[in-house]
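Chain identifiers are assigned alphabetically (A, B, ...) following the order of the sequence lines, protein sequences preceding nucleic acid strands; residue numbering begins at 1 within each chain. This structure is a prediction, so every number in the text was calculated from the model and none was measured.
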There are 2 protein chains.
Amino acid sequence: MSERPAPPILGELRQKRPFASKAEEAVVTLFRTTDVIRRAGEAVVAPHGISAQQYNVLRILRGAGRKGLQTLEIAERLVERAPGITRLVDALEKKKLVERERCVEDRRVVWCRITKAGLALLATLDAPVTAHAERTMRKLSAADLNKLTAILDDIRIASA
Amino acid sequence: MSERPAPPILGELRQKRPFASKAEEAVVTLFRTTDVIRRAGEAVVAPHGISAQQYNVLRILRGAGRKGLQTLEIAERLVERAPGITRLVDALEKKKLVERERCVEDRRVVWCRITKAGLALLATLDAPVTAHAERTMRKLSAADLNKLTAILDDIRIASA
DNA sequence: CGATAATACTTGACATATCAACTAATGTGC
DNA sequence: GCACATTAGTTGATATGTCAAGTATTATCG
């Protein structure tokens with residue numbers, strides 16, 4: 001008789017009942033783990049007056065370079081989807097981290113660009129953000145880190 | 001020269017630049033994957049008039065049995081933390097899925113219990129929710145499923 | 001060319017999330 | 001038993017998320 005140890009997540013959530021399946025256990029564990037990491041990540045950027053989503057927008061716009069990106073293109077590239085992209089960019093514009101310009105050739109389009117101030121803010125955040133990721137994953141071997149990413153990719157491919 | 005293939009997440013987010021580190025790639029992949037799964041999960045429960053968080057509260061209260069749980073105890077057991085537990089339970093009470101009662105012995109405490117209607121709702125959701133988890137993880141081998149959970153547990157332990 | 005459709009946002013309404021005060025009740029030390 | 005801290009929860013202010021509907025502009029088809 002092999003007594004399997006109870007999943008750690010059960011104790012963490014003070015649950016006694018086992019999960020209906022391994023799949024459910026994995027999903028709950030995934031949610032929980034991501035929540036923990038996200039909160040820690042928000043704590044990194046929040047003192048600088050922006051949310052994690054706003055940080056993501058800034059990074060996307062930095063990557064886009066001079067020309068910038070159309071509003072809805074930003075939305076498509078967000079790690080975590082946000083239907084309220086207009087107001088997300090509104091907030092960044094109010095903070096002067098992003099600027100917008102109506103396109104002349106196609107007046108439906110609005111081009112968004114990161115400002116100097118936005119780039120400066122990102123520059124100060126690069127190291128802390130990378131450090132946070134390293135800290136989060138520090139206990140994993142290189143093999144496990146690759147394995148984790150590969151498994152997550154498999155999950156997304158299957159759900160497409 | 002081994003040409004490594006670009007990480008799938010890069011194409012998905014239309015990014016050209018590689019990540020600063022494997023750790024950052026893993027974190028972004030984790031966020032993205034969880035976002036995809038969460039949205040699909042919300043689509044399962046939303047038609048029944050509740051959010052994923054509210055569903056989580058109901059499951060916690062079902063697990064707690066007759067006596068119910070004190071308000072803040074629910075908050076501690078949530079998979080994804082919610083500081084606004086009062087209003088979360090408010091919403092469920094308004095829908096008659098949960099009932100509350102001020103404790104007589106310690107009048108600071110409020111006991112929360114799931115109602116018959118709450119149990120009935122959960123009963124109809126059990127199968128679809130389990131199905132969603134199975135569907136999400138269907139492409140993973142049993143070994144990979146265990147590996148995923150184990151790696152995620154390691155991450156949380158390290159960040160404690 | 002003119003009607004219709006499609007695109008690219010924007011806005012309004014409402015649900016949630018977050019944080020910091022605040023209230024009420026209980027526990028603790030002197 | 002009284003001041004003070006602690007606990008349990010609530011409330012207010014503000015930000016963010018979400019969906020549906022609306023506006024302006026461009027594309028398409030007969």
Side-chain angles (χ1 to χ4, degrees), chain A residues 31 34-36 38-58 68-95 97-113, chain B residues 31 34-36 38-58 68-95 97-113:
Chain A
F31 283 6
T34 302
D35 190 56
V36 169
R38 182 202 281 113
R39 278 166 197 285
E42 257 150 24
V44 172
V45 298
H48 297 263
I50 60 171
S51 68
Q53 283 278 60
Q54 291 173 3
Y55 173 75
N56 194 190
V57 170
L58 290 179
L69 277 180
Q70 302 186 8
T71 309
L72 293 188
E73 271 191 280
I74 300 172
E76 283 168 19
R77 299 185 190 199
L78 282 170
V79 176
E80 300 182 277
R81 290 288 157 109
I85 184 66
T86 297
R87 280 185 269 244
L88 199 49
V89 179
D90 280 350
L92 289 169
E93 193 180 31
K94 201 169 352 178
K95 290 171 199 160
L97 300 172
V98 158
E99 53 191 17
R100 288 195 276 198
E101 196 182 355
R102 180 70 60 176
C103 175
V104 187
E105 294 91 46
D106 184 343
R107 292 188 43 69
R108 292 169 300 182
V109 170
V110 174
W111 287 97
C112 306
R113 258 176 274 101
Chain B
F31 283 5
T34 300
D35 191 55
V36 169
R38 183 203 280 113
R39 278 167 198 284
E42 257 150 25
V44 173
V45 299
H48 297 265
I50 59 170
S51 67
Q53 282 278 59
Q54 290 172 4
Y55 172 75
N56 193 189
V57 170
L58 289 180
L69 277 179
Q70 303 187 6
T71 307
L72 294 187
E73 269 190 282
I74 300 172
E76 283 168 20
R77 299 186 191 199
L78 283 169
V79 176
E80 300 182 279
R81 290 289 156 109
I85 185 64
T86 296
R87 280 185 268 242
L88 198 49
V89 177
D90 282 349
L92 289 169
E93 192 180 31
K94 200 167 357 178
K95 292 170 201 160
L97 300 171
V98 157
E99 52 190 18
R100 288 196 276 199
E101 196 183 355
R102 179 74 56 179
C103 175
V104 187
E105 293 92 46
D106 183 342
R107 293 191 40 72
R108 291 170 301 183
V109 170
V110 175
W111 287 95
C112 306
R113 259 176 272 101

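Rounded to whole Å, the distance from CG on L88(A) to C1' on dC9(C) is 14 Å. Rounded to whole Å, atom C1' of dT18(D) lies 13 Å from atom CG of D35(B). K95(A) has its NZ atom 12 Å from the C1' atom of dT14(D), to the nearest Å. Between the CD atom of Q54(B) and the P atom of dA15(C) there is a distance of 11 Å, given to the nearest Å. Protein atom CD of E105(A) is 16 Å distant from nucleotide atom C1' of dT7(C), rounded to whole Å. K94(A) places its NZ atom 12 Å from the P atom of dT14(D), with the value rounded to the nearest Å.
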Hey, what are the protein-to-nucleotides 7-11 of chain D N/O distances that come in under 3.5 Å?
| residue | atom | partner | partner atom | Å |
| --- | --- | --- | --- | --- |
| dT7(D) | O2 | R108(B) | NH1 | 3.2 |
| dG9(D) | OP1 | T71(B) | N | 3.2 |
| dG9(D) | OP1 | V110(B) | N | 3.0 |
| dG9(D) | OP1 | V110(B) | O | 3.2 |
| dG9(D) | OP2 | L72(B) | N | 2.9 |
| dT10(D) | OP2 | T86(B) | OG1 | 2.9 |

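With a 4.5 Å cut-off on side-chain heavy atoms, Q54(A) and L88(A) count as touching.
Proximity of a side-chain donor or acceptor of E42(B) to a complementary backbone N or O of S51(B) within less than 3.5 Å is not detected. Proximity of a side-chain donor or acceptor of R100(A) to a complementary backbone N or O of C112(A) within less than 3.5 Å is not detected.
Note on E80(B): nothing from the nucleic acid sits closer than 4.0 angstrom, heavy atoms only.
Other residues, nucleotides and ligands place more than 12 heavy atoms under 6.0 Å from the CZ atom of R39(B).
Nearest-nucleotide positions on DNA chain D for I50(A) and V104(A) put I50(A) closer to the 5' end.
Salt bridge absent: E76(A) and R81(A) never bring a charged side-chain N and a carboxylate O closer than 4.0 Å.
Contact check, Q53(A) against dA15(D): no side-chain N or O comes under 4.0 Å of OP1 or OP2. Close to dT18(D), at under 4.0 Å from its OP1 or OP2, lies a side-chain N or O of R39(B).
The line from CH2 of W111(B) to CZ of R102(B) is 13.0 Å long, rounded to the nearest 0.5 Å.
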